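Report on the following structure.
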Amino acid sequence: SFPITVGGGGTGSPVDSSKGGSGSNSVFSTITSAGGGGGGSNANRPGLDGGSGGGGSGGDYNQPGGSGNTPPVSPSQGFPGGNSTPNPTASPDSGSGGGGGATEAGVNATNPGVASGRGGAGATTSISGSPTAYAGGGGGGSGPGAPTNGAASPCGTGGAGGNPSGPFSNSVAGTTNRGGGGGGAGGNPSAGVGIGANGGSGIVIIRYKFQ
């Protein structure tokens with residue numbers, strides 16, 4: 001028998017003072033795939049390290065995304081998260097970086113503060129018998145200083161970030177059993193702070209050849 005663990009997705013933060021939660025590891029026997037890092041928050045801004053890194057928060061400019069491939073293995077598990085807007089922009093905040101994906105870093109927010117970064121692309125494999133994408137990054141959430149939210153990962157597994165249009169962010173969760181990153185929260189001081197979306201759970205697939 002072999003121990004198998006399917007990792008859970010990270011939890012989106014319901015408040016702007018704490019970072020998004022990191023995902024937990026998926027394990028088969030001696031093989032471990034690290035969960036993705038949580039995104040930065042308005043009060044605790046750098047993204048967290050993980051299999052792929054979380055995006056840097058737009059609560060302030062020039063906030064770094066978390067490192068990917070943490071702990072380091074070969075071949076690499078994933079890429080870093082994107083950074084927030086590189087220079088001071090319109091009050092009260094800047095754009096957020098997108099979360100890293102399995103094959104691409106999260107996109108940095110644009111300068112001046114126009115748009116948050118989209119999530120990095122995931123990886124496509126046919127281990128299940130048909131081409132399927134996994135582990136895309138979530139888009140960065142946005143606020144009035146960068147009103148365009150970060151798009152979902154191009155592979156479709158990471159969710160889009162929220163915008164500042166209302167008291168609750170319309171951020172999109174990552175795809176379940178595909179390891180997609182959740183979109184970051186959008187917010188507006190006059191309307192309230194949004195809620196970050198959850199990441200999607202991981203998956204363990206066993207494929208073997210027999211005669």
Side-chain angles (χ1 to χ4, degrees), residues 7 9-10 12 20 22-23 26 33-40 47-58 64-70 75-86 95-111 113-142 146-163 169-186 194 196-203 205:
S22 296
S26 291
S33 181
L48 294 173
D49 301 339
S52 293
S57 169
S67 297
N69 197 33
T70 304
S76 176
Q77 299 181 75
F79 285 76
N83 304 328
S84 66
T85 303
S96 303
T103 61
E104 181 191 30
V107 176
N108 297 334
T110 58
N111 184 59
V114 175
S116 293
R118 69 162 172 81
T124 298
T125 174
S126 298
I127 189 173
S128 63
S130 60
T132 305
Y134 300 91
S142 62
T148 303
N149 57 319
S153 65
C155 66
T157 60
N163 61 42
S169 164
N170 59 347
S171 56
V172 178
T175 305
T176 302
N177 295 136
R178 303 262 290 278
N198 295 335
S201 54
I203 190 169
I205 298 174

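Just so we're clear, the structure is a prediction, and the values are computed from it rather than from any experiment. What you see below is based on every heavy atom in this structure, not just the backbone, and it leaves out hydrogens, waters and symmetry mates.
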Is it the case that the side chain of Ser128 and the backbone of Ser126 share a donor-acceptor pair, with hydrogens and angles ignored and the cut-off at 3.5 Å? no

Excluding sequence neighbours, so at least two apart, what forms side chain to side chain donor-acceptor pair (under 3.5 Å) with Gln77? none

Is there a side-chain contact (heavy atoms from CB on, under 4.5 Å) between Ser201 and Ile203 once you walk through the steps? CA-CA 7 Å; Ser201 54; Ile203 190 169; over 6 Å; no

Does the Asn83 side chain pair with the main chain of Gly56, one donor and one acceptor, at a distance under 3.5 Å? no

Is it the case that the side chains of Ser116 and Asn149 hold a donor-acceptor pair, with the cut-off being a distance below 3.5 Å and no angle test? no

What pair of heavy atoms forms the shortest contact from Ser153 to Gly136, and how long is it? OG-CA, 3.7 Å

Which heavy-atom pair separates Ser96 from Gly58 by the least distance, and what is that distance? OG-N, 3.0 Å

Got a second to check how far Tyr134's OH is from Ser33's OG, nearest 0.5 Å? 12.0 Å

Of all heavy-atom pairs linking Ser142 and Thr148, the shortest is CB-O, 3.7 Å

Smallest heavy-atom separation, Ser52 atom then Gly101 atom, equals OG-O, 3.2 Å

Between Thr85 and Gly95, is there a donor-acceptor pair closer than 3.5 Å when you use the side chain of the first and the backbone of the second? yes

Distance (rounded to the nearest 0.5 Å) between Leu48 CG and Thr70 OG1: 10.5 Å

With a 3.5 Å distance limit and no angle check, can you tell me whether Ser26 reaches the backbone of Gly7 through a side-chain donor-acceptor pair? yes

Do any N or O atoms from the side chain of Ser171 and from the backbone of Gly162 form a donor-acceptor pair under 3.5 angstrom? no

For Thr103, all residues meeting side chain to side chain donor-acceptor pair (under 3.5 Å), sequence neighbours excluded: none

To check you understand the geometry: which heavy-atom pair defines the closest contact between Pro154 and Arg118, and what is its length? CD-NH1, 3.2 Å

Closest heavy-atom pair and its distance - Gly40, Ser57: C-CB, 3.6 Å

Residue pairs meeting salt bridge (charged side-chain N to carboxylate O under 4.0 Å, His left out), one or both in residues 122-135, sequence neighbours left out, come to none

